[in-house]
Amino acid sequence: MNDAKRTPWVVGVSGASGTPYAAAVLRGLLAAGESVDLVVSRASRLTLLDETAIAFRDAHWRTDLREWLARGADGKPGTFEVEVEAVRHWGAGDLAAGPSSGSYPVKGMLIVPASTACVAGVALGLSKDLLQRAASVTLKERRKLVVAVRETPLNGQTLRHLVTLDEAGAVVLPASPAFYAGATHIQDLVDFVAGRVLDAAGVPHELYRRWEGELGGSRTD
């Protein structure tokens, strides 16, 4: 890929539970021919280790990313075949990275999943790490920012932070799967949320069955 013509999506993975959502979004972007700049926070690496037993290492990130994206939501290895050549990884502590500057060309940013701590940091403009800094840059440059918050219940403080993000132009997208698409497997529910994230970004995909106005249209019986 010619880096001079590369305009990626920044994908930030925070420490909330829900690493299968991030994997599904990444697979969807790559399947659509998009390039990706990936930022995996320090907290999310602990979550990834807990949910998948994969240790995401800066020195071996391509190997670890392939293993992660190949897993299904049920944790089964080798479920998907994914190439990661279109992905560029930036360390969460690298505040001199490309996405930390508004002059670095990107299409926008997707935070999947977004923890309440991440939501607060972006809403308050703290920029404590590259994920938060890249999100702040995305907002100031008026680029698309999708925040897939994954927490329940939500307290008043977090709700106020989400309203702040909405008012700043972000798309607040709770990781809330629906059932009208005929889900029969945990992967279907994960893919629904991932598909809605990609919808908000304007990226084409075929991750879930869309509503067509027919009651019971997803049933096979």
Side-chain angles (χ1 to χ4, degrees), residues 6-19 21-22 24-26 28-29 32 34-44 47 87-178 192-205:
R6 185 177 184 272
T7 307
W9 284 95
V10 179
V11 176
V13 185
S14 81
S17 176
T19 55
Y21 292 130
V25 167
L26 288 165
L29 288 170
E34 301 285 348
S35 56
V36 174
D37 275 22
L38 178 63
V39 182
V40 181
S41 76
R42 286 182 293 181
S44 70
T47 306
V87 180
R88 183 174 185 178
H89 169 256
W90 300 95
D94 185 3
L95 293 178
S100 69
S101 173
S103 66
Y104 183 78
V106 302
K107 292 182 178 179
M109 182 172 184
L110 316 175
I111 305 178
V112 188
S115 66
T116 55
C118 173
V119 165
V122 176
L124 297 173
L126 297 182
S127 294
K128 72 165 190 171
D129 60 10
L130 179 59
L131 195 160
Q132 291 184 14
R133 171 60 185 169
S136 295
V137 168
T138 301
L139 288 175
K140 80 178 182 69
E141 296 295 328
R142 302 296 190 267
R143 295 167 179 158
K144 178 74 72 175
L145 175 64
V146 182
V147 180
V149 59
R150 217 306 306 162
E151 186 58 271
T152 189
L154 298 172
N155 62 29
Q157 187 176 45
T158 297
L159 291 170
R160 285 187 286 272
H161 289 152
L162 291 172
V163 169
T164 296
L165 291 179
D166 175 77
E167 291 174 342
V171 176
V172 175
L173 195 153
S176 177
F192 179 87
V193 172
R196 295 299 287 152
V197 171
L198 295 178
D199 286 345
V203 176
H205 66 88

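Atoms CG and CG, on L110 and L29 in that order, are 6.0 Å from each other to the nearest 0.5 Å. If you take CG on L95 and OG on S101, they are separated by 12.5 Å, rounding to the nearest 0.5 Å. The OG atom of S14 sits 6.5 Å away from atom CG of L131, with the distance rounded to the nearest 0.5 Å. Note that CE of M109 and CD1 of I111 are 4.5 Å apart. Values are rounded to the nearest 0.5 Å. To the nearest 0.5 Å, atom NZ of residue K128 and atom OG of residue S41 are 8.0 Å apart. Separation of atoms CG (D129) and SG (C118) is listed at 7.5 Å; rounding is to 0.5 Å.
A donor-acceptor contact shorter than 3.5 Å is absent between the side chain of R143 and the backbone of A135. Put simply, the side chain of R133 never gets that close to the backbone of G125: no donor and acceptor are under 3.5 Å apart. A distance-only check finds no donor-acceptor pair linking the side chain of H89 to the backbone of L38 [under 3.5 Å]. A distance-only check finds no donor-acceptor pair linking the side chain of E141 to the backbone of V137 [under 3.5 Å]. A donor-acceptor pair is defined here as one N or O able to donate and one able to accept, closer than 3.5 Å; such a pair exists between the side chain of T47 and the backbone of G15.
Residues G28 and L198 come closest through the heavy atom pair CA-CD1, 3.9 Å. Scanning all heavy atoms of the two residues, the minimum distance from A32 to P204 falls at CB-O, 3.7 Å. Scanning both residues, V197 and A148, for their nearest heavy atoms gives CG2-CB, 4.2 Å. Nearest heavy-atom pair across A97 and S100 is O-OG, 2.6 Å. Nearest heavy atom pair, residue L130 against residue G91, reads CD2-O, 3.4 Å. For the residue pair P177 and V193, the shortest heavy atom distance occurs at N-CG2, 3.6 Å.
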Item checked: Step-by-step side-chain contact (heavy atoms from CB on, under 4.5 Å) determination, L173 to R196 -> CA-CA 8 Å; L173 195 153; R196 295 299 287 152; 4.2 Å; yes
Notebook entry, point to check: Passes side-chain contact (heavy atoms from CB on, under 4.5 Å), V11 versus V39? Steps please.
Noted result: CA-CA 6 Å; V11 176; V39 182; over 6 Å; no
Next item on the list: Evaluate the side-chain contact (heavy atoms from CB on, under 4.5 Å) criterion for residues V122 and L139: first the C-alpha distance (whole Å), next the side-chain angles of each, then the deciding distance (0.1 Å), finally the verdict.
Entry: CA-CA 9 Å; V122 176; L139 288 175; 4.2 Å; yes
Next item on the list: Before giving the answer on side-chain contact (heavy atoms from CB on, under 4.5 Å), spell out for W9 and V203 the whole-Å C-alpha distance, their side-chain angles and the decisive distance to 0.1 Å.
Entry: CA-CA 10 Å; W9 284 95; V203 176; 3.8 Å; yes
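Contact check for V36 versus P8: no side-chain heavy atoms found under the 4.5 Å cut-off. Taking 4.5 Å as the limit, every side-chain heavy atom of S44 sits out of range of all side-chain heavy atoms of T19. Side-chain contact between T138 and K144 is absent, with no heavy atoms from C-beta onward closer than 4.5 Å. Using a 4.5 Å cut-off on side-chain heavy atoms (C-beta onward), V147 and V119 make contact.
Here the rule is side chain to side chain contact (heavy atoms under 4.5 Å, CB included) with R150, and of S176, P113, S115 only P113 fits it.
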Please output the side-chain donor-acceptor pairs of residues 158-170 that fall under 3.5 Å, not counting sequence neighbours, one pair per line with the distance.
residue	atom	partner	partner atom	Å
T158	OG1	N155	OD1	3.2
H161	ND1	Q157	O	3.4
T164	OG1	R160	O	3.0

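A salt bridge is absent between K107 and D37: the closest approach of a Lys/Arg side-chain nitrogen to an acidic carboxylate oxygen does not fall below 4.0 angstrom.
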